[in-house]
Amino acid sequence: MSASPPATENSLPPKLVRTMGLFSLVVYGVGDMVGSGIYGTVGKAAGALGNAVWLAFLVSMVAAILTGLSYASLASRYPRAAGAAFVTNHAYGFPYLSYLIGLLVTASGLTSMATSTNVFANTLQSLVDGPWIVLVLGFLAFMTAVNFWGLKQSMWTNLVCTAVEVGGLLFIVAVGARYWGGIDYLETPAAAVDAQGHVVTHGLGVSMLLSGAVLTFFSFIGFEDMLNVAEEVKEPERTMPWGIVIALAVATVLYISVAVTAVSVVDYRVLAQAPAPLSAISARAAPWLPPRTYDFITLFAVANTVLINYIMGSRMLYGMARQGLLPAALGRIHGKRHTPHVAILTLLVLVLILALSGGEDAVKQLASATALLLLFSFMVVNSALVVLQFRPGEPHGKFEIPVFVPVLGILVNATLIVSRLTSGEGGLPAPLIAGAIVVVATLLYFVLRPQNITDEALAALEE
């Protein structure tokens, strides 16, 4: 019997291509965080903390950087798509937990995409005349085409969108900088008026800072998505940690600068009631600017959110399929475009269902529920790093952190979950929906009965 001919490059199955450098990765992370962050958050946060709103962003940055450093460390150890699911399984050897974490992260991306799609269609409809459903379908078709065409094309689109949305924030800081220093930056909202008619303010204590940080923490959500493009990053063991840390640092500087500018230009009480806080700031600081400018910028911001979550979700499904946690078809890579085309089309169907049938309020409730589940996944990933750090013989990465960092990450995310549940904001629907999502995911696990591919077998697939 003759020996089988050696495999040639053309006979090998197609793979993801490493095209992202450090700059592209940082733009990806900043675009994700800014796109779904401060544009709608600064007004609500100002209503809670008054002129001290900048402190809320500072505290939430500390909370985010703890988990961000854990993700950076894990990325230097295991730079894989669906990295959160992989490290969970590698640490605990419990496929159900890995499957659950992967689906929860994907669900968070899906609801973010559906919410942003609705915002995009509503905003565009206010600018041009067109049927809402046509705008939704056209927008998602374009996003699908970009994601399918290739990561390089997706990154160019991401670069344009990020430049516009970050440019909008830098413009606010530039035109509002002359107002800096004119207020008390520790003034908090009034609590009551005493018998002499004097305003009594809340004290700026731990409870107030925590409530504000719960609001602003979600402005930093997005750094975790960076892990899912690890198989398309050059020298990921070195590039991924620096990319995550730099992206968080850039977002922090932007957020605090905008927060200080916002309350310097517009009274925080007015800012809290403004439907479009940044438009209210520009109306005073730059009255010559066309009033619909920030509606136009919003289109780029939400489009970027959809694109990045689309990339993240498709790579998550691809990575989970490669790990045996989802049907193998989702792990297929297109021969010419080198993108996970089956996963991309699967996400398109799911987002269309959410965007078209749930209604805007229902999608927002779903997004709030998946935000809670994302905090839970952060706890699990932090704990996985702790387990791996204490495991004898476990190889270290090129970005190691002290064990107290992931431990603090666990505590901070647990505190945020408790604060979110006890705040009473939104009532019971979000926790109930979160529980329902876990139940559905559990049922799917037992129906699909995914196999558990070993680390050795997965490493063989990647060779």
Side-chain angles (χ1 to χ4, degrees), residues 33-34 37-68 168-221 248-286 408 411-413 415-416 418-420 422-425:
M33 285 183 274
V34 173
I38 197 168
Y39 274 83
T41 305
V42 67
K44 293 179 181 178
L49 269 83
N51 292 341
V53 61
W54 62 276
L55 278 174
F57 283 102
L58 187 61
V59 171
S60 57
M61 179 277 292
V62 173
I65 198 66
L66 292 171
T67 298
L169 298 181
L170 293 176
F171 175 81
I172 288 293
V173 175
V175 299
R178 68 182 187 272
Y179 292 88
W180 284 22
I183 60 170
D184 175 8
Y185 290 103
L186 295 179
E187 180 184 341
T188 54
V193 178
D194 62 19
Q196 288 74 38
H198 299 124
V199 174
V200 180
T201 59
H202 292 288
L204 184 59
V206 174
S207 177
M208 175 175 284
L209 278 176
L210 183 60
S211 65
V214 170
L215 281 173
T216 55
F217 177 83
F218 293 96
S219 299
F220 290 92
I221 294 296
L248 278 167
V250 170
T252 300
V253 172
L254 276 173
Y255 288 169
I256 292 178
S257 299
V258 171
V260 169
T261 303
V263 293
S264 298
V265 176
V266 179
D267 186 276
Y268 69 83
R269 289 167 284 263
V270 176
L271 201 63
Q273 301 299 321
L278 297 189
S279 294
I281 298 165
S282 65
R284 184 182 180 197
L408 286 176
L411 295 175
V412 165
N413 286 292
T415 301
L416 289 170
V418 172
S419 298
R420 186 94 169 187
T422 57
S423 66
E425 183 180 352

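With values rounded to the nearest 0.5 angstrom, M61 atom CE is found 9.5 Å from L66 atom CG. How far OG of S257 is from CH2 of W180: 5.0 Å, rounded to the nearest 0.5 Å. Within the model, atoms CG of L254 and CZ of F57 stand 11.0 Å from one another, a figure rounded to the nearest 0.5 Å. The CH2 atom of W54 sits 13.5 Å away from the OG1 atom of T261 when rounded to the nearest 0.5 Å. Interatomic distance, OH of Y255 versus CG of L248, reported as 9.5 Å (0.5 Å rounding). Here the CG atom belonging to L411 is positioned 11.0 Å from the CG atom belonging to L416, to the nearest 0.5 angstrom.
Contact annotation: the side chain of V173 never approaches that of L169 to less than 4.5 Å [non-hydrogen atoms, C-beta and beyond]. With contacts defined as side-chain heavy-atom distances shorter than 4.5 Å, the pair N413/F217 qualifies. Proximity of L55 to Y185: side-chain heavy atoms (C-beta onward) are nowhere separated by under 4.5 Å. The shortest side-chain heavy-atom distance between V265 and I172 does not fall under the 4.5 Å cut-off. The shortest side-chain heavy-atom distance between D267 and I183 does not fall under the 4.5 Å cut-off. You'll find the side chain of V42 stays beyond 4.5 Å of the side chain of T216, heavy atoms only.
L271 and A46 make their closest contact through CD2-CB, 3.9 Å (heavy atoms, listed as atom of the first residue, atom of the second, distance). The heavy-atom pair separating S60 from F220 by the smallest distance is OG-CE1, 3.3 Å. Of all heavy-atom pairs between G47 and A272, the closest is CA-CB, 3.5 Å.
Between the side chain of N51 and the backbone N or O of E187 there is no donor-acceptor pair closer than 3.5 Å. For the pair Y179 (side chain) and V175 (backbone), a donor-acceptor distance under 3.5 Å is absent. Of the possible donor and acceptor atoms, none in the side chain of R284 sits under 3.5 Å from a partner among the backbone N and O of G176.
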Practice task
Could you please spell out the steps behind the side chain to side chain contact (heavy atoms under 4.5 Å, CB included) verdict for I281 and L278?
Solution key: CA-CA 5 Å; I281 298 165; L278 297 189; 3.8 Å; yes

